[in-house]
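What follows is a set of notes on a single structure, which appears directly below.
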Amino acid sequence: VDFADKRVELIVPFAPGGGADTYARALAPHLEKHLPGHPTIIVRNIPGGGSVPGANQFEARAKPDGLTALAVSSSTVFNSVFAKKKVKYQVNGWQPVVLSPQGTVVYLAAGLGVQSAKDIAKLKNQNLKFGGKTPTSSEMRMALAMELLGIDVNFIWGVERGEARLAMERGEFNISYDTTPAYNKHVVALIKSGKFVPLFTFGVLDNKGNYVRDPNFPDLPSFVEVYEMVHGKKPSGAPFEAFRTVFQMAIMASKGLVLPAGTPQPVVDAWRTAVKGILDDPEFEKTAASIVENYPQFLGEDVRPILREATEFTPEGWDWLKRFMKTKLNATI
C-alpha cells in the first residue's frame, strides 16, 4: 500500500468548528506523516442533519481504496438507531480504524445544597430543570441516568449544550452535563468560583468491558458507583441494559475514523498502523494529544464489539426504553 502523490479525503459530516471537525483536523497532519507515501489529507465538511447527509454520501460514493475516510461521532450512531428512515448507511458495515471515547461530567447549581454525590438523596425533592436538544439525541444518556437513580427532572428540549450552560449561569436551569473538553474549558472556572458543583462522571469502559472512573476526573465517582450508592446493589435488568447501549453510543463511540465497507485488508491495516503510529508519536503528544485526552483508544477490530453493542439493544432493553421514552418524555421511538 502506497499513497504517494495521492489526495485522501477525510469527510466530516458536520459543520466546521464542532467536536468531530476538531478531531479530524487535529489528526489530519499526523495522518499525512504516518500513512504510507505521505499523502495530502483534505478535510471536507458536509454539515446538516445530525451527520446523516454526510454519512449517507460517504456510504453511496466512497470507493474502497483507502482514499476516503469518514470521521464519525455519537450522533452518527444515534441516528443509525433512532432515525432509520433517513439513514442509508450501516455503521457496522464500515471498516473501523479507531474509536475515541469522550467522558461526561454531570454538575449542579450550588444553590441546591448538594456538595458531592454523597448528598444525592437531597435531589429527590428538588425542582430540577435540565436543558437539552432532543430526547433521542445524546441527551438520552442524562434522561436514563436520572431515571435509574430515581431522580425527577424537568427536561426542556430545543436547547443546545452551550445555551444550556449559559442558562444555568443565569439560574434558569440547575442541573447539566458537559463532555470533558467543554467541561474543562467552560465549567471548571465556575466550579472554582463556587457557582456549580460537580456530581459524578459517566465513567468509561476499560479494555475488558468493566466500568471504571473517568481517567480525567479520578476524584469523581462514576455513574455505576453512584447507582450502587443509591440502591445498595450493582445495576442490572432491562433499564440498565438500555442505559448500557446508550452509554456505548454517547461515551464510547464519541469520535472515530472509518473506511468504506469492502476496503481491502492491506489498506485497512495501513490505516490502522498509521493511527497506532500517531498515538505513539511524541510529536502528536506535544501538539494534539488533548484531542483524545487520557481515554483508552480502541484500534481496528477492538472497535467492532463497541459499535455492535452501541447499535443493538437487547429485546428487554428496547421494550423498556420505548415505554420510558413515551411515558416520561413523550417521545416515540
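Along the sequence shown, the residues carry numbers beginning at 1. Just so we're clear, the structure is a prediction, and the values are computed from it rather than from any experiment.
- Among residues at least two apart or in separate chains, salt bridge (charged side-chain N to carboxylate O under 4.0 Å, His left out) pairs with a member in residues 121-144 are Glu139-Arg161.
- Ile41 places a side-chain heavy atom less than 4.5 Å from the side chain of Leu35.
- Side-chain contact check for His34 and Asp281: at least one donor-acceptor pair (N or O, by modelled atom type) lies under 3.5 Å.
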**OP:** Please report the C-alpha distance between Leu199 and Ile120 in whole Å, then the side-chain angles of each, then the deciding distance to 0.1 Å, and finally whether the side chain to side chain contact (heavy atoms under 4.5 Å, CB included) criterion is met.
**Re:** CA-CA 8 Å; Leu199 191 61; Ile120 198 166; 4.2 Å; yes
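- Within a 6.0 Å radius of CD in Gln90, no more than 12 heavy atoms belonging to other residues, nucleotides or ligands are found.
- The environment of CD in Glu301 is crowded: more than 12 heavy-atom neighbours from other residues, nucleotides or ligands sit within 6.0 Å.
- The line from CG of Leu108 to CG of Leu123 is 5.5 Å long, rounded to the nearest 0.5 Å.
- Side chain to side chain, Glu241 and Thr314 meet the donor-acceptor criterion of an N or O pair below 3.5 Å.
- Between Ile278 and Leu31, some side-chain heavy-atom pair lies under the 4.5 Å cut-off.
- Linking Ile, Leu, Val, Met, Phe, Trp and Tyr residues whenever their side-chain heavy atoms come within less than 4.5 Å places Leu299 and Val97 in a single cluster.
- Using a 4.5 Å heavy-atom threshold, the side chains of Val204 and Met252 count as touching.
- Side-chain atoms of Glu163 come within 3.5 Å of backbone atoms of Glu160 as a donor-acceptor pair (strictly under, hydrogens ignored).
- Between Arg244 and Leu205 the shortest side-chain heavy-atom distance falls below 4.5 Å.
- Trp94 and Val12 fall into different hydrophobic clusters, defined by Ile, Leu, Val, Met, Phe, Trp and Tyr side-chain heavy atoms under 4.5 Å apart, directly or through other members.
- Proximity of a side-chain donor or acceptor of Glu285 to a complementary backbone N or O of Asp280 within less than 3.5 Å is not detected.
- Residue Leu144 holds its CG atom at 8.0 Å from CG of Leu329, rounded to the nearest 0.5 Å.
- The ring of Tyr183 has its center no closer than 6.0 angstrom to the ring center of Tyr177.
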Subject >> From CA spacing to verdict: side chain to side chain contact (heavy atoms under 4.5 Å, CB included), Tyr227, Leu149 >> reply: CA-CA 6 Å; Tyr227 183 98; Leu149 294 176; 4.2 Å; yes
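- Atoms CD and CG, on Gln248 and Leu99 in that order, are 9.0 Å from each other to the nearest 0.5 Å.
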Subject >> Candidate pair Asp214 and Phe202, rule side chain to side chain contact (heavy atoms under 4.5 Å, CB included), full reasoning >> reply: CA-CA 7 Å; Asp214 190 309; Phe202 276 76; over 6 Å; no
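- When all heavy atoms of Ala62 and Pro260 are compared, the closest pair comes out as CB-CG, 3.6 Å.
- Formation of a donor-acceptor pair under 3.5 Å by the Tyr295 side chain with backbone atoms of Gly103 is found in this model.
- Ring geometry, Phe82 versus Trp318: the interplanar angle falls under 30°, so the pair is classed parallel (tilted spans 30 to 60°).
- In terms of heavy-atom proximity, Pro96 sits nearest to Gly300 at CG-O, 3.6 Å.
- Scanning all heavy atoms of the two residues, the minimum distance from Phe14 to Ser73 falls at CZ-OG, 3.1 Å.
- Note that CZ of Phe173 is 12.0 Å distant from CD1 of Ile175, once rounded to the nearest 0.5 Å.
- Gln57 and Ile46 make their closest contact through OE1-CD1, 3.4 Å (heavy atoms, listed as atom of the first residue, atom of the second, distance).
- The shortest heavy-atom contact between Pro64 and Ala261 is CB-O, 3.8 Å.
- From Ile42, atom CD1 reaches atom CG of Leu10 across 10.0 Å, with rounding to the nearest 0.5 Å.
- When side chains are defined from C-beta on, Tyr89 counts as touching Asn79, because their heavy atoms get closer than 4.5 Å.
- Under the 6.0 Å cut-off for aromatic ring centres, Phe247 and Phe223 do not qualify, their centroids lying 6.0 Å or more apart.
- Distance alone, capped at 3.5 Å, places no donor-acceptor pair between the Asn294 side chain and the Asn216 backbone.
- Taking 4.5 Å as the limit, every side-chain heavy atom of Lys276 sits out of range of all side-chain heavy atoms of Thr273.
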**OP:** Carefully, step by step, assess Lys328 and Glu147 under the rule salt bridge (charged side-chain N to carboxylate O under 4.0 Å, His left out).
**Re:** CA-CA 9 Å; Lys328 292 295 184 72; Glu147 177 70 10; 2.9 Å; yes
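- Of the residues Phe130, Phe196, Phe200, Phe217, the one that meets the ring pair (Phe, Tyr, Trp, His ring centres under 6.0 Å) test with Tyr107 is Phe196.
- Cluster annotation: Leu70 and Val91 are assigned to the same hydrophobic cluster (Ile/Leu/Val/Met/Phe/Trp/Tyr, side-chain heavy-atom contacts under 4.5 Å, transitive).
- Grouping the Ile, Leu, Val, Met, Phe, Trp and Tyr side chains by contacts below 4.5 angstrom, directly or via other members, places Leu279 with Val268.
- For the pair Asp21 (side chain) and Gly17 (backbone), a donor-acceptor distance under 3.5 Å is present.
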**OP:** Please step through salt bridge (charged side-chain N to carboxylate O under 4.0 Å, His left out) for the pair Glu59 and Lys88, ending with a clear verdict.
**Re:** CA-CA 7 Å; Glu59 177 78 12; Lys88 308 300 181 186; over 6 Å; no
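- Without hydrogens or angle criteria, Thr76 side chain to Val72 main chain gives no donor-acceptor distance under 3.5 Å.
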**OP:** Could you give me the CA-CA distance, side-chain angles and deciding distance for Lys185 and Asp178, then say whether salt bridge (charged side-chain N to carboxylate O under 4.0 Å, His left out) is met?
**Re:** CA-CA 10 Å; Lys185 184 176 181 180; Asp178 271 304; over 6 Å; no
Subject >> Verdict with reasoning, Gln102 to Glu293, per side chain to side chain contact (heavy atoms under 4.5 Å, CB included) >> reply: CA-CA 8 Å; Gln102 191 172 78; Glu293 290 133 354; 4.1 Å; yes
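- No donor-acceptor pair closer than 3.5 Å links the side chain of His30 to the backbone N or O of Gly277.
- Judged by distance alone, the side chain of Ser254 and the main-chain N or O of Ile251 form no donor-acceptor pair under 3.5 Å.
- Cluster annotation: Val43 is not connected to Ile11 through the hydrophobic network of ILVMFWY side chains, with a link wherever side-chain heavy atoms come within less than 4.5 Å.
- Enclosure of atom CZ in Arg7 is not indicated, since only 12 or fewer non-hydrogen atoms of other residues, nucleotides or ligands lie within 6.0 angstrom.
- Asn154 and Asn127 form no side-chain donor-acceptor contact under 3.5 Å, judged by distance and modelled atom types alone.
- Using modelled atom types, one finds a donor on one side chain and an acceptor on the other under 3.5 Å when comparing Asn45 with Arg25.
- With 3.5 Å as the limit, one finds a donor-acceptor pair spanning the side chains of Ser100 and Tyr23.
- In this structure the side chain of Phe78 reaches within 4.5 angstrom of the side chain of Val246, judged on heavy atoms.
- No donor-acceptor distance shorter than 3.5 angstrom exists from the side chain of Trp271 to the backbone of Leu259, with no hydrogens or angles considered.
- In this structure a side-chain-to-backbone donor-acceptor pair under 3.5 Å is present from Arg213 to Pro218.
- A distance of 7.5 Å separates OG1 in Thr134 from CE in Met140, rounded to the nearest 0.5 Å.
- Side-chain contact between Lys326 and Thr332: present, with at least one pair of heavy atoms (C-beta onward) separated by less than 4.5 Å.
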